[in-house]
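For reference, the structure is listed below as structure tokens.
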Amino acid sequence: KNEVEQSPQNLTAQEGEFITINCSYSVGISALHWLQQHPGGGIVSLFMLSSGKKKHGRLIATINIQEKHSSLHITASHPRDSAVYICAVSPYSGGSNYKLTFGKGTLLTVNP
Amino acid sequence: DTGVSQNPRHKITKRGQNVTFRCDPISEHNRLYWYRQTLGQGPEFLTYFQNEAQLEKSRLLSDRFSAERPKGSFSTLEIQRTEQGDSAMYLCASNRYTRGYTEAFFGQGTRLTVV
């Protein structure tokens with residue numbers, strides 16, 4: 001069983017829909033990260049959070065430390081949101097916070 | 001451009017050849033990380049540096065792999081005697097380590113194809 005599990009693996013939505021991607025992890029963590037990867041490979045960090053909720057534009061990320069679960073929400077989805085969304089965790093080690101363990105990613109396709 | 005830069009973006013090599021990739025981090029970032037991503041999988045941690053010191057290496061980093069960051073600025077990742085299983089996207093990221101948590105910035109990656 002992977003330490004970081006994401007669901008769904010693939011998600012197709014119509015423009016304007018509200019989207020939720022889930023992430024569960026099984027290890028103690030110091031932080032959880034949501035990343036976006038477009039075709040071609042480049043990764044952009046969307047959120048880094050260790051508790052509560054963060055919002056940036058149409059993106060919202062929440063984390064429940066007790067339940068070891070995080071969600072990424074996209075409101076009013078748009079075709080330009082189409083990408084792979086990856087959840088990753090920094091294990092609680094006191095060391096490097098970017099020695100990350102990644103989920104396999106969720107491929108989101110938003111159709112116009 | 002003040003982002004993380006990786007070169008080359010694509011590399012095709014014959015099995016058995018050596019390849020070297022370069023990563024230029026954001027200039028004030030003292031930590032630099034290498035990851036490998038195979039098709040359909042999330043990235044996997046390979047190694048990281050704080051300044052010029054290589055602080056940790058994953059067991060994924062076999063003896064054929066070596067990474068350096070000689071002056072604490074850019075880093076190179078070399079793969080000797082490449083194998084088809086080395087085909088992957090190699091990603092570099094950097095951040096500034098402080099007592100708090102700082103977000104990292106990723107490069108565009110180098111896609112290696114071993115034929």
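In the text below, chain A, chain B and the rest are named by the order of the sequence lines, each starting its count at 1.
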Is the count of non-hydrogen atoms from other residues, nucleotides or ligands lying under 6.0 Å from [X] atom [atom1] greater than 12?
X       : atom1 : answer
A:Gln14 : CD    : yes
B:Arg15 : CZ    : no
B:Glu68 : CD    : no
A:Ile65 : CD1   : yes

Do the non-hydrogen side-chain atoms of [X] and [Y] ever get within less than 4.5 Å of each other?
X        : Y       : answer
A:Leu100 : B:Tyr33 : no
A:Ile86  : B:Gln37 : yes
B:Phe105 : A:Val44 : no

Residue pairs passing the ring-ring contact (aromatic ring centres under 6.0 Å, His included) test where at least one lies in residues 69-96 of chain B, sequence neighbours excluded: B:Phe21-B:Tyr90

From CA spacing to verdict: side chain to side chain contact (heavy atoms under 4.5 Å, CB included), A:Leu35, B:Phe106: CA-CA 10 Å; A:Leu35 310 163; B:Phe106 286 81; 4.0 Å; yes

When rounded to the nearest 0.5 Å, the distance separating CZ of A:Phe102 from CZ of B:Phe45 is 10.0 Å

Can you tell me how far apart CG (B:Asn95) and CE (A:Met48) are? Round to the nearest 0.5 Å. 8.0 Å

Mind checking whether B:Val4 and B:Leu112 sit in one hydrophobic cluster, side chains of I, L, V, M, F, W, Y counted as touching below 4.5 Å? no

So, the part of B:Gln50 with a heavy atom under 4.5 Å from chain A: the answer is neither

Applying a strict 4.5 Å limit to non-hydrogen atoms, the region of A:Gln9 in contact with chain B is neither

